[in-house]
Amino acid sequence: MSNFIRHTYKLFVGNLPWTVGQKELQTYFSKFGHVSSAAIVYDKQQGFSKGYGFVTFSASDAYNSACNQNVHFLEGRVLSVKEANNN
DNA sequence: GTTGAGCGTT
C-alpha cells in the first residue's frame, strides 16, 4: 500500500484478453470512478496487445475502489491489477 | 492467423 501523495493514481493492469483495447479498459475501470487515462501496451512487431496496460485515475476514491478489489473481471477474464512502478 | 509473463507508447 502506498501512503505517499501523488498527483495521479496509476495502476498496472495485466492478464488482459487479446481482444481488450484501451477503450474497453477505461470503460471497465470507469465503473470505479473517473479514469484520467487508460493505455494498453502494444507490440510494434506483432501489432497486437502485449496483454497488459496502465490505468490512471484522477481521484483517490476511484484508485482505492479499484485497488481494494483484488479480483477484476473483463471480457469474462480475470485481470491482475497492481500498483504501477512509476507514477 | 498465433501467444500469456509482465510495468508503456503500437
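To find a chain, count down the sequence lines: A is the first, B the second, and so on, and within it residues start at 1. What you see is a predicted model, and the numbers here were worked out from it, not measured in a lab. All values below come from the heavy atoms of this structure, side chains included, with hydrogens, waters and symmetry mates left out.
Closest non-hydrogen pair, Asn15(A) versus Ser80(A), comes out as CB-OG, 3.7 Å.
Taking only side-chain atoms of Phe48(A), from C-beta outward, the nucleotide of dC7(B), dT10(B), dT3(B) with the closest atom is dT3(B). Comparing dT10(B), dG6(B), dC7(B) by their closest approach to the side chain of Gln22(A) singles out dT10(B). Of the candidate nucleotides dT2(B), dG6(B), dT10(B), dG6(B) has the atom lying nearest to any side-chain atom of Lys82(A). When each of dT10(B), dG4(B), dC7(B) is scored by its nearest atom to the side-chain atoms of Asn15(A), the top-ranked nucleotide is dG4(B).
Residues Phe48(A) and Tyr42(A) place their aromatic rings such that the two centres sit no closer than 6.0 Å.
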- Task: For Tyr9(A) and Thr56(A), run side-chain contact (heavy atoms from CB on, under 4.5 Å): C-alpha distance rounded to whole Å, both residues' side-chain angles, the deciding distance at 0.1 Å, then the answer.
- Result: CA-CA 5 Å; Tyr9(A) 306 91; Thr56(A) 305; 5.7 Å; no
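Residue Leu16(A) contributes atom CG, which lies 15 Å from atom P of dG8(B) at whole-angstrom precision. Put simply, OH on Tyr52(A) is 12 Å from P on dT10(B), counting in whole angstrom units. One atom, CH2 of Trp18(A), and another, C1' of dG6(B), lie 11 Å apart when rounded to the nearest Å. The CG atom of Asp43(A) sits 17 Å away from the P atom of dG1(B) (whole-angstrom rounding). One atom, CG of Leu79(A), and another, C1' of dA5(B), lie 14 Å apart when rounded to the nearest Å. Summarising the geometry, the separation between OH on Tyr9(A) and C1' on dC7(B) is reported as 20 Å, rounded to the nearest angstrom. Rounded to a whole Å, the NZ atom of Lys50(A) is 16 Å from the P atom of dA5(B). Across the protein-nucleic acid pair, Lys44(A) atom NZ and dT10(B) atom C1' stand 8 Å apart, rounded to whole Å.
Stacking of the aromatic ring of Phe54(A) onto the base of dC7(B) is not found under the criterion of centres within 5.5 Å and planes under 30°.
Using a 4.0 Å heavy-atom criterion, one finds that Ile40(A) contacts no nucleic acid atom at all.
A donor-acceptor pair under 3.5 Å links the side-chain atoms of His72(A) to the main chain of Ala66(A), judged by distance alone.
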